[in-house]
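Read the structure below first, then the notes.
The structure presented is a predicted model; accordingly, all values stated were derived computationally and were not measured. As a basis for the values below, the full set of heavy atoms in this structure was taken, side chains included, without hydrogen atoms, waters or symmetry mates.
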Amino acid sequence: MMILSKDQKRQEAAWQFIKFATGPVGQTAAVLGSGYMPTNKLALQPEYLGDFYKKNPNWETSLKQIAYASPWGGYPGNNGVQIWRTQRDIIGSVMRGTVTPEDGLAQMTEATNALLAK
């Protein structure tokens, strides 16, 4: 989350929201609404999600993946989003059959390298 406002009152309100959303109460709401794993381990306490997971073992699937979780990778520089979108579009063309996988890979390599160079 980011606070972009320059207004002091809005910054304070945004900070309070960020603390709530990333805290155990906010993470409990996020998990129950999405099924994702909580990002705050305090949410695993019995008074938040701990008892819920015991009663609903199918929901523990995401928790079993924590050992495999890693930081989200990104491309260096300022073109990360443009690179992902370009790659997405090329992959879409391959999936629709308008571009062969080999040509798609070549296009993706060329487009990615060109955007990295900027």
Side-chain angles (χ1 to χ4, degrees):
M1 294 184 191
M2 296 185 289
I3 300 173
L4 302 176
S5 177
K6 296 185 188 294
D7 178 85
Q8 183 71 26
K9 287 185 180 182
R10 287 180 183 221
Q11 287 175 345
E12 290 172 13
W15 178 238
Q16 292 303 314
F17 175 75
I18 289 171
K19 289 193 296 184
F20 165 77
T22 59
V25 174
Q27 286 297 288
T28 297
V31 167
L32 296 176
S34 69
Y36 291 155
M37 73 175 76
T39 58
N40 185 324
K41 290 182 181 179
L42 291 176
L44 298 175
Q45 298 298 317
E47 65 269 27
Y48 301 110
L49 291 167
D51 287 341
F52 174 79
Y53 283 126
K54 286 179 186 173
K55 293 175 187 171
N56 301 280
N58 286 345
W59 280 65
E60 288 184 303
T61 302
S62 67
L63 296 180
K64 293 176 183 173
Q65 304 305 308
I66 288 175
Y68 304 105
S70 63
W72 186 269
Y75 290 99
N78 296 323
N79 291 328
V81 172
Q82 187 175 357
I83 290 169
W84 289 324
R85 288 179 179 161
T86 301
Q87 291 175 344
R88 175 202 61 200
D89 293 344
I90 294 169
I91 291 168
S93 296
V94 171
M95 291 174 69
R96 287 188 298 279
T98 58
V99 173
T100 67
E102 295 79 15
D103 288 344
L105 180 58
Q107 289 176 20
M108 223 161 55
T109 301
E110 183 179 341
T112 300
N113 287 336
L115 289 167
L116 284 173
K118 291 184 182 179

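Remark: the backbone N or O of Ser93 is paired with a side-chain donor or acceptor of Thr98 at under 3.5 angstrom. Side-chain N or O atoms of Asn56 include none that pairs as donor or acceptor with a backbone N or O of Trp59 at under 3.5 Å. With Gln11 contributing its side chain and Ser5 its backbone, the two residues share a donor-acceptor pair below 3.5 Å.
Hydrophobic clustering of Ile, Leu, Val, Met, Phe, Trp and Tyr side chains at less than 4.5 Å, counting indirect connections, keeps Ile83 apart from Leu105. Tracing side-chain contacts under 4.5 Å through hydrophobic residues (I, L, V, M, F, W, Y), one never reaches Ile90 starting from Leu115; they form parts of separate clusters.
The neighbour count for Glu110 CD, taken as heavy atoms of other residues, nucleotides or ligands under 6.0 Å away, does not exceed 12.
The shortest distance between side-chain heavy atoms of Pro24 and Leu44 does not fall below 4.5 Å.
When every heavy atom of Gly104 is checked against every heavy atom of Val99, the shortest pair comes out as N-CG1, 3.4 Å. Pro38 and Leu63 make their closest contact through CD-CD2, 3.7 Å (heavy atoms, listed as atom of the first residue, atom of the second, distance).
A distance of 5.0 Å separates CG of Leu32 from CZ of Phe52, quoted to the nearest 0.5 Å. Rounded to the nearest 0.5 angstrom, Lys64 NZ and Ile66 CD1 are separated by 11.5 Å. Here Leu4 contributes atom CG and Arg10 contributes atom CZ; the two are 12.0 Å apart, rounded to the nearest 0.5 Å. Between the CG atom of Leu49 and the NZ atom of Lys41 there is a distance of 14.5 Å, given to the nearest 0.5 Å.
The aromatic rings of Trp84 and Tyr75 sit tilted, their planes meeting at an angle between 30° and 60°.
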inquiry  = The test is side chain to side chain contact (heavy atoms under 4.5 Å, CB included); show your working for Val31 and Tyr48 and say whether it passes.
reply    = CA-CA 10 Å; Val31 167; Tyr48 301 110; over 6 Å; no
ask   = Given the rule in the side chain to side chain contact (heavy atoms under 4.5 Å, CB included) test, do Leu42 and Gln27 qualify, once you have shown the distances and angles that lead to the verdict?
value = CA-CA 9 Å; Leu42 291 176; Gln27 286 297 288; over 6 Å; no
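No hydrogens or angles considered: nothing links the side chains of Glu12 and Gln16 as a donor-acceptor pair under 3.5 Å.
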